[in-house]
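Read through the structure below, which is laid out as structure tokens, and then see the notes.
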Amino acid sequence: MRLPTGGRIDRSKPLRFTWDGRAMTGYAGDSIASALLANGVRIVARSFKYHRPRGIWGAGVDEPNAVVDVVWQGQHDPNARATLVPLRDGMAVRGVNAFPNVAFDVFGAIDLFHRFLPAGFYYKTFKWPNWQRFEPRIRAMAGLGRVGTLRDTRAYETRHAKCDLLIIGGGPAGLAALRAAGAGGVSVILADDQPELGGSLLTDPAEIDGVDGAAWAASVAGQGRVLSRTTVFGAYDDGSYGLLQLRDHAPEGWGTARLWVVRAAKVIFATGSIERPLVFPDNDRPGIMSANAVRRFLHGQAVLPGRTVIVATNNDSAYATAHALAAAGASVLVADARGEPGPVAAGLRVLPATVPLATGGRRGLAWVDLGPQDGARRERVPADLLAVSGGWSPAVHLFSQGGGTLRWDEALAAFLPDGGETVAGSITGAADLATCLAQGHAAGLAAAGGGDLTAPRTAPAPAPGKILPVWQIHPSAGRQWVDLQNDVTAKDVGLAALEGYRSVEHLKRYTTLGMATDQGKTSNVNGLALLAAATGRGIAEVGTTKFRPPFTPVPLAALAGSRHGRLVAPLRELPAHDDHLALGADMRDYGGWARPGCYQHIGETVIAAIAREAENARLRLGLFDGSSLGKIEVQGADAAAFLNLMYYNEVANLRPGRLRYCLLLRETGVVFDDGVVARLAADRYLLSPSSSHTAGVLAMLQAWHQTEYPTMQVAFHDVTAAWATFAVSGPRARALMEQLGSTVDVSEAALPHMAMAEGTLHGLPCRMARVSFTGDTSYEISVPSSYATAVWRHLLDLGAPLGMMPYGIETLSVLRAEKGYILIGTDTDGMTLPVDLGLEGPLRTKRVDFVGKRSLLTPDATRADRRQFVGLLPDDPDNVPAVGSHTVTGQCGARRSLGWITSACMSPLLKRSIALGMIEGGRARTGETVEIFHLGGITRATICAPVFVDPAGERLHG
Amino acid sequence: MLLLPCPHCGLRDEPEFSFGGEPAIRPVPASAVDDATWADYVYLRSNEKGPHREVWCHSGGCGQWFVLTRDTATHAVITP
């Protein structure tokens, strides 16, 4: 219920929201959790496995139960933690993992069968006949929120920042550090996950330097860059940190989560500590809450979660809650596990040496059985709220991610960080405000390199009483919950130990303890303490599981930032891109470039367009935009010698003005790329790697030059984007070239096949190369790319009377297949050697030690039964074999692959199907019929040489 | 995100670099070594846990290839 006064809420601003469809009211300053509690909602969730009703336990990041679905202003979060979401007007909040709702979930019946569903049940049950039959239904019954079906098309901002000091946590310790470091003149970023700075100062009355704690917090904020509602979720290498900042609104098209990547020279972990639950029978009932959380709700939002309260504790800190509840008018009884509670108990009803032994109540807590730990007596006490404190676990997650080490402190019953001046506040085990302020102040001064600012002053507190660790109560009675979110009990921990899972990492995986979205913030230490007891070891010896980012869930969209949709892999566009579109091009992604597959006429299918373009290019004249083809200039006195060490083929003896088709190998001997090497001058070459390999080829040349041949005089330049290249191909190609009007002599004698020349075309620098990928007479015209459109149109105009048609990549793929020209990565794979392609010459004749040469001389490279590149003619001329289908030998049971089909298409010229493939010992099998296996069926084809049109290559010289 | 020391440009963020793995000395002349030695050069790397000699390229910057020793367990750069 909501108290009539108090709290840091704005009662003049009522906010309307709905919970599972019911209209409710809250105030600015509420979280969803506090608003639900104020409205008397007790059951906010159903547990993951057993669908047990659950209520709110904590007030912040430690909350294990209250995962809810939130819709607000078009934003949908299916797995929001109710304690961390500020309430906003118009929010629609729903429970998850329940039908029809969390208050009356039919799947609650599963809990009746809990005996058959312990930890790891799926390793032992539901196996016959087939686990896959049960798995979908089991998964449907256990889960959290439902993902929405609408795509999030917003971009998310990523910010990068550097600072001298990153302070993690905006409580008193962090703020004291900010005050000290800021005064010292260092650049500081402070991140705090709450909407308002101050941490515990917002809920526990305090006076610092004469002013109210919350006011002091606000006054300090100006000393550095403060990021509120910002969680540091990961500590990474070399002082880099990942932060997630949340905001209510973002500009149109942008998401509300913002990722920060911060590089900090120094860090202070002021991350506080997390209250531990006590483990006792039925300790998961709605109405059982963290004592500290009760006080946060009470002072923060004027919410009283119960009127008849039992406070169960084993340490001093819960007494602040007991006093606060009594002051608010609740009836309070304290059950202290310790025999002598100490001076904090003054003014309260206290039962010493008493713990909860059981709880009851159908739709939430109604009573608690209290008695000694051995259960010798028990007294049933009515209560609607049980505030629990089992001690405090310092929030060492980020500290450990950053490589910090921990030690178990017996006296405090806590893992403390060995952090020196990088840790401050309750993370060190400090319990009182004065110590936290002093530690923060010292850490801030140290980070700033000194200073004479005095520490903030507050009233000192008396020394706290000791904690009595109580890891489990009355081991044999009832289910005692350890991990509330994943439904792991103390008995499950015992089971894991019994089955040999003695390592804390194995305990985690076997029971799933600590693997839920709360990552065990309230269960890890209890779990490993139980494991220690079950395996007869000390807690220090058991240790913690490894801490890994993220500390809290981070949306993938925030990590992706603006890299989604088309921006994940932006396509490069040809300089004449718009002209291709205007001609009806079917543009697709080829190796990272948007290129025309073919140019469809209206009403024409893609297949028909390809056939039309191919036939026209073969019989008349075709025009192709090859601007994406790589162009790398290699210059220097040692250019020839260097390239000769790189390429498989001999390139040093290439005459200026001549081209050669060459392979580039990896050191394994495998073909990495093919392309044409042109020699422009004695010390100048132009390489044409394939479009998708250009960057890789350039990187390879630069790496080999720097690391292996650094004394050679050679330089490289990628000029791919500087030149546009168009291929004019077909029997009428020379006729067009003669009308072109360039200064280059295009006669057969001056420019034969595999030659090139430089000149000008209407004043533009141009390079003409006689090189063909179609098998017909072909000229590649290269001009500066800024003139691409003009030259493309000029060529179309000149070509129209000659019957010229543009053709795309798919068409080119058919034309080259007819000639048996390979495509790297299609006809070759990661094991193809030059000898497999029938290119053995350079291995025998080339003397220098080129890249990969030694690998071509190994036994495997010289095996007689290697797969070889061949052609195949299917017996059925209309059957185009599926690329990737295997040629096989033998019968069922003893069937073996001989290789596979690498390319296949209908040949427009031959009007039948053709295929290329890599077949074991293929060259010796010419004329043999082979079986092709595909989807259970067999077809047949005859092996032939890999060339189907003009084997002698006469059309190249037309 | 590592901070790596480029010999030209100084300390730069990891995304600016390409990783080249553990280097090996290329046998020269290659024809002089047997198949096993050549295979070791091509494929075998020590891949230690601990100090690890490796090459990086400042591909997003000056393009320099350089060697450094980095601890593969702690990620700390030991020697530039």
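Below, chains carry the letters A, B, ... as their sequence lines are ordered, and counting in each starts from 1.
Listed by sequence position, A:Asp849 are the residues of residues 842-849 of chain A in contact with chain B, using a 4.5 angstrom heavy-atom cutoff. Residues of residues 28-48 of chain B that come closer than 4.5 Å to chain A, counting heavy atoms only, are B:Pro29, B:Ala30, B:Ser31, B:Val33, B:Asp34, B:Asp35, B:Trp38, B:Tyr41, B:Val42, B:Tyr43, ordered by residue number. For residues 54-65 of chain B, a heavy-atom distance under 4.5 Å to chain A picks out B:Gly63, B:Gln64, B:Trp65, given by residue number.
Using a 4.5 Å cut-off between heavy atoms, A:Thr707 contacts chain B through its side chain alone, with no backbone atom that close. Only the side chain of A:Gln706 comes within contact range of chain B, with at least one heavy atom under 4.5 Å from a heavy atom of that chain.
Residues B:Asp13 and A:Arg263 are in side-chain contact: their nearest non-hydrogen atoms beyond the backbone lie under 4.5 Å apart. B:His75 places none of its side-chain heavy atoms less than 4.5 Å from the side chain of A:Tyr236.
The CG atom of A:Asp237 sits 6.5 Å away from atom CD of B:Glu14, with the distance rounded to the nearest 0.5 Å.
Residues meeting the side chain to side chain contact (heavy atoms under 4.5 Å, CB included) test with A:Ser691, sequence neighbours left out: A:Trp593, A:Arg595, A:Ser628, A:Leu629.
Crowding of B:Arg26 atom CZ: a count of heavy atoms from other residues, nucleotides or ligands under 6.0 Å exceeding 12. The neighbour count for A:Glu708 CD, taken as heavy atoms of other residues, nucleotides or ligands under 6.0 Å away, is above 12.
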